[in-house]
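This chain uses plain numbering: 1 for the first residue, then up along the sequence. Side-chain atoms are counted along with the backbone in the values below, which use heavy atoms only and exclude waters and symmetry mates.
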Amino acid sequence: MYHDTDFNPNREREEQEAAEREALARTIRREVLRVNSGEADEEIRAEREQMEAERQAREAEEEKSRRRNASLWRQMFSGRILVHDTVRENYRYIAIIAAMFLLSIAVLFWTLSLDITFARLDSEVQLLHERSIRLQEECYRHSSHSAIVERMQERDMKLYDPLRPNEVIE
């Protein structure tokens with residue numbers, strides 16, 4: 001029987017880890033030498049200044065955005081007010097208020113329509129009332145006692161009162 005004592009299934013992984021450790025150790029030695037020589041101080045200072053400038057620019061942009069978003073009128077006109085958490089919680093109330101506005105506008109137009117109809121009908125009633133008064137006056141002119149007497153005289157008829165009083169029929 002053949003016994004292979006040299007076989008290790010983890011050998012490739014171990015070799016790779018050893019190579020990575022050696023590369024890391026070389027990088028660390030190189031950086032230590034750079035730090036000791038003073039080259040890294042300038043780079044570190046430059047990186048810190050760049051990071052500080054980026055942070056200030058980011059803060060200035062955030063402040064500008066916050067000021068721009070803080071204006072209630074701007075939020076209302078842009079529609080951003082609808083994405084705020086406080087408004088998002090009250091969407092159903094806002095929807096009810098909007099429905100009430102629409103309902104009040106519909107009722108307003110309906111009442112205006114009814115008012116116009118009422119005014120038109122009222123003017124027609126006034127015209128009919130005036131016409132009825134004119135017709136009553138004309139009827140009175142034709143049926144008054146003096147008009148009847150005149151017509152009877154035109155036809156040579158005599159107008160007389162009844163000789164007997166009216167009887168009440170029970």
Sidechain N-carboxylate O distance under 4.0 Å for [X], [Y]:
X	Y	result
Arg134	Glu138	no
Glu52	Arg48	no
Arg58	Glu54	no

* **Connected-component partners of Leu114 among ILVMFWY, side-chain separation under 4.5 Å** => Trp110
Donor-acceptor pairs under 3.5 angstrom involving side-chain atoms of residues 146-157: please list them, not counting sequence neighbours.
from, atom 1, to, atom 2, distance (Å)
Ser146, OG, Ser144, OG, 3.4

* Structure fact -> Glu124 meets the salt bridge (Lys or Arg N to Asp or Glu O under 4.0 Å) criterion, sequence neighbours left out, with Arg120
* Asked: Okay, side chain of Ser113, backbone of Phe109: is any donor-acceptor separation there less than 3.5 Å?
  -> no
* To do: Rounded to the nearest 0.5 Å, what's the gap from CG on Leu121 to CG on Leu128? Could you check?
  =>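 It comes to 10.5 Å.
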* Working to the nearest 0.5 Å, report the span between OG1 of Thr117 and CG of Asp122. =>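 Result: 12.0 Å between the selected atoms.
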Residues 89-99, side-chain donor-acceptor partners within the protein, below 3.5 Å, at least two apart:
from, atom 1, to, atom 2, distance (Å)
Asn90, ND2, Thr86, O, 2.9
Tyr91, OH, Leu82, O, 2.1

* **Set of side-chain contact (heavy atoms from CB on, under 4.5 Å) partners for Arg30, sequence neighbours left out** =>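 Per chain and number, Arg30 pairs via side-chain contact (heavy atoms from CB on, under 4.5 Å) with Thr27.
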* Asked: So with a 6.0 Å cut-off around CD of Glu20, is the heavy-atom count from everything else above 12?
  -> yes
* **For Gln126, side-chain hydrogen bond (donor to acceptor under 3.5 Å, both in side chains) partners two or more places apart** => none
* **Option passing side-chain contact (heavy atoms from CB on, under 4.5 Å) with Glu59 (candidates Arg55, Glu63, Glu61)** =>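 Going through the options one by one, the only one that passes is Arg55.
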